[in-house]
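It should be emphasised that the depicted structure is a prediction, and the values quoted were computed from it without experimental measurement.
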Amino acid sequence: IREVEEETGLRCALEEELPSTSYVDHHGRPKLVRYWRMRPLSEELRLEHEADDARWLSPAEAARLLTYDRDLEVLRSLDG
């Protein structure tokens with residue numbers, strides 16, 4: 001919740017946990033990333049610190065923009 005607010009300015013309510021992803025970073029360290037469905041309490045994006053751009057997309061539109069294939073499972077879980 002803190003990270004989302006810090007990067008987008010959105011205050012959100014936490015909902016169910018989504019599938020996690022794992023990978024090895026460029027330093028050879030294993031990483032586990034956990035995701036949750038969140039419900040925005042407001043829709044006003046405030047990109048003040050870490051993000052350069054943000055927009056609301058459908059899951060299909062978002063899938064075309066993903067950098068890593070491992071994130072597709074997370075995105076697909078939002079349909080259910």
Testing the basics here: between Val4 and Thr8, what is the closest heavy-atom pair and its distance to 0.1 Å? O-OG1, 2.6 Å

Partners of Glu3 by side-chain hydrogen bond (donor to acceptor under 3.5 Å, both in side chains), sequence neighbours excluded? none

Nearest atoms (heavy-atom pairs only) where Glu7 meets Leu47: O-CD2, 3.7 Å

Which residue in the set Leu78, Leu14, Val74 passes side-chain contact (heavy atoms from CB on, under 4.5 Å) when paired with Arg37? Leu78

Salt bridge (charged side-chain N to carboxylate O under 4.0 Å, His left out) pairs touching residues 53-75, sequence neighbours excluded, are Asp53-Arg55

Taking atom CZ of Arg11 and atom CD1 of Ile1, what is their separation to the nearest 0.5 Å? 9.0 Å

Apart from Leu57 itself, what residues make up its hydrophobic cluster when side-chain heavy atoms of I, L, V, M, F, W and Y under 4.5 Å apart count as a link, directly or indirectly? Leu65

With hydrophobic residues grouped by side-chain heavy-atom distances under 4.5 Å, do Val33 and Leu66 end up in a single group? yes

Output for pair (Cys12 SG, Arg39 CZ), nearest 0.5 Å, gives 9.0 Å

Return the minimal non-hydrogen interatomic distance between Leu18 and Trp36, and the atom names on each side. CD1-C, 3.7 Å

What's the shortest heavy-atom distance between Tyr35 and Pro19, and which atoms? CD1-O, 3.5 Å

Identify the two heavy atoms, one from Pro59 and one from Leu75, that lie closest to each other, and give their separation to 0.1 Å. O-CD2, 3.3 Å

